[in-house]
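As structure tokens, the structure follows; a few thoughts come after it.
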Amino acid sequence: MSRKQVILTQSSVRDIESFFQEGEINLMTNVLLIQPALRPLGLRLLTNTPYSPGRSDRVKSLKTWRGEPMPREHELFPDKLVDLHGHPMRVVTFHFPPRIFMEEDSDGNYNLYGVDIEVVRSLSKALNFTVSFVRPSDGEMWGWEQGNGTWTGLMGDLQHRRADIGVADLYIMEPYFAIIDMSVAYDIEYLCFVNPVPGPLPQWMALGLPFLVETWGAIFCTVLAGMLVFTLLAQLGFLGGHLREAPWFQSGSNTCLLLVACVMNTAWTRVPTTSHLRIFMALWSLAFVILAVAYKGSLVSYLTVTLEQPPIDTHKQLLQKGVSVGSIGDTLKRIMEKNADQHVRKLAQKYEQVQSTSEGLRRTVEGSFSFLESRGFLDYTIAVDYTDGRGRASLHAMKEYIAPFGIGLAYPKYVPFIAKFNGMIRRLTEAGLAEKYMADIILRRKQAKIGAAAEREGGQKENPGSGTESGVTPLSLDNLQGGFILLALGYGLGLLSAMAEGLFALATRPSESLAGR
């Protein structure tokens, strides 16, 4: 419908006007009609005016040619899309934050705003056409393909030409081009899964978190080597039968126990006599004072802050979890099946189609499902609907994404204004307006959220009975469960040792009595 068409006709102007009122013929923008003119001899050059405001001027006369040099191409095929003369365009869309907000006011009218809406409005101002935003005629969202090749929802309205433009975070994807045409991209979005945020780690694990595994390994090896070295040094004080050291240090178990006490940052229970042991003990104590201070400072942080498990961020981890995945329709399933990542292709085998985003998110929260959607939508929805007052979210968007997609406008097949719209969209993106629209939307939503929070805070001030949190959280048994577990472990090991010693004493008593006899 955008190609240049030359029609030779002897019909009257009235018949030509009737011809251009049939169906979509008038939407052809590059039509040149040649009509023989007998008086004077020549050719009348005519063209149609597809977006004229009235029906009486469907045909416009360019000139009468009588053998002089032919007019230039831009004179024969003038640009008829520079000004659409207020032509009405039906734009099918629906509420889909943060790209599109459709909020009903007190009068029952809808207040529409969002990045996609502002793009359409910018085009309408630049090309002078009017827009009326409507919802999909069957109440669906994007829709999906039926068994007979037709589509429902937004895609169905464009396929059957019930709308002129479709906009709703639409990805530019190959499967769509069988039924619609799309513009160039004015924004980029990333397709990823969302999963529940894992629960907190057991609080007893806080005891080991202040140091890395390598640090704990180095401390353990240092303690073992120190016990061996200290025991050997202590034995030097007893060489040749000269007791230059206190007899207590002759026992290896005593020296090891003394070093452990220093590791725990406690006072020396015994003071060695020899200089080499005193030097060793002094440096040993200093080293473990530094380690103990570092450990205590970090341990306080881990005890007072909730320990979170790492979320699922890769397709391999999601596949190992074994849950079903899915989204609205089955278009994204076909994309997953063609993905270069083998884990994504395996996830496609578990794909389940859901009826709405609310159903997909509900099943995700329950833990039996992973919903697939654009990162922009997921980040906004998590921040608004799945984050509590303390900033803790219950859902997490994966960092690894399936593929980036350009976002564009959708049209019925073969509409003539695609090229003109693409040129305006390129100018819009080069000017950075899409990013500006998103920044304005985020600012608007933040201001609305701050206003709502201020209203709630005002209500709390008016009601003195409603208490407010002091901001200080006392440590509970859950925070200190690691210490109590160690204490219980010490009780248990001490009791088992006492029982073992008692049994050993009972077992060896008869032999001792016999030896005495």
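Model, not experiment: these values are computed from the prediction.
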Test item: [X] side-chain N/O and [Y] main-chain N/O as donor-acceptor pair under 3.5 Å:
X	Y	value
Glu189	Gly376	yes
Gln159	Met155	no
Lys413	Phe177	yes
Ser370	Val194	yes
Asp313	Lys399	yes
Tyr351	Ser327	yes
Trp142	Gly329	no
Thr150	Gln146	no
Asp181	Tyr414	yes
Asn48	Met28	yes

Are the side chains of [X] and [Y] in touch, meaning some heavy atoms are under 4.5 Å apart?
X	Y	answer
Ile407	Ile188	no
Ile179	Trp151	yes
Ser374	Tyr190	no
Ile117	Met102	no
Leu112	Thr93	yes
Leu62	Leu46	no
Val13	Arg44	yes
Ile34	Ile7	no

Which atom pair, heavy atoms only, marks the closest approach of [X] to [Y]?
X	Y	value
Pro97	His95	CG-NE2, 3.2 Å
Tyr411	Ser183	OH-CB, 3.3 Å
His396	Pro311	CD2-CB, 3.4 Å
Met182	Gly408	CE-O, 3.9 Å
Ala348	Lys333	O-CE, 3.8 Å
Leu127	Leu81	CD2-O, 3.7 Å

Full working for side chain to side chain donor-acceptor pair (under 3.5 Å) between Lys80 and Thr47: CA-CA 10 Å; Lys80 303 170 186 176; Thr47 188; 2.4 Å; yes
Hey, is [atom1] on [X] packed in by over 12 heavy atoms from elsewhere, all under 6.0 Å?
X	atom1	value
Glu68	CD	yes
Gln10	CD	no
Ile485	CD1	yes
Lys321	NZ	yes

With rounding to the nearest 0.5 Å, note down the distance linking [atom1] in [X] to [atom2] in [Y].
X	Y	atom1	atom2	result
Leu45	Ser61	CG	OG	7.5 Å
Phe371	Leu395	CZ	CG	11.0 Å
Leu347	His315	CG	NE2	7.0 Å
Phe133	Ile165	CZ	CD1	8.5 Å
Thr49	His85	OG1	NE2	8.0 Å
Phe96	Phe377	CZ	CZ	4.5 Å

Step-by-step ring-ring contact (aromatic ring centres under 6.0 Å, His included) determination, Phe193 to Tyr401: CA-CA 7 Å; Phe193 290 99; Tyr401 56 85; over 10 Å; no
Full working for side chain to side chain contact (heavy atoms under 4.5 Å, CB included) between Cys192 and Leu378: CA-CA 9 Å; Cys192 65; Leu378 294 175; 3.8 Å; yes
Do [Y] and [X] meet the salt-bridge criterion of a basic N to acidic O distance under 4.0 Å?
X	Y	result
Asp341	Lys316	no
Arg99	Asp187	yes
Glu75	Lys63	no

Of all pairs that satisfy side-chain hydrogen bond (donor to acceptor under 3.5 Å, both in side chains), the ones with a partner from residues 422-436, not counting sequence neighbours: Lys436-Asp440
Steps toward side chain to side chain donor-acceptor pair (under 3.5 Å) verdict (Ser12, Asp15): CA-CA 5 Å; Ser12 64; Asp15 291 338; 3.2 Å; yes
Within the 3.5 Å criterion, strictly below it, is a donor on [X] or [Y] matched to an acceptor on the partner's side chain?
X	Y	result
Tyr186	Asp116	yes
Thr364	Asn195	no
Glu140	Thr152	no

Derivation and outcome, side chain to side chain contact (heavy atoms under 4.5 Å, CB included), residues Asp164 and Val415: CA-CA 9 Å; Asp164 301 292; Val415 292; over 6 Å; no
Steps toward side chain to side chain donor-acceptor pair (under 3.5 Å) verdict (Ser324, Glu352): CA-CA 7 Å; Ser324 300; Glu352 296 181 9; 3.0 Å; yes
Test side chain to side chain contact (heavy atoms under 4.5 Å, CB included) applied to Val119 and Leu433, step by step: CA-CA 8 Å; Val119 168; Leu433 291 181; over 6 Å; no
Steps toward side chain to side chain contact (heavy atoms under 4.5 Å, CB included) verdict (Leu318, His343): CA-CA 9 Å; Leu318 182 60; His343 301 112; over 6 Å; no
Aromatic ring pairing Phe101/Tyr113, orientation class (parallel under 30°, perpendicular over 60°, tilted between): parallel
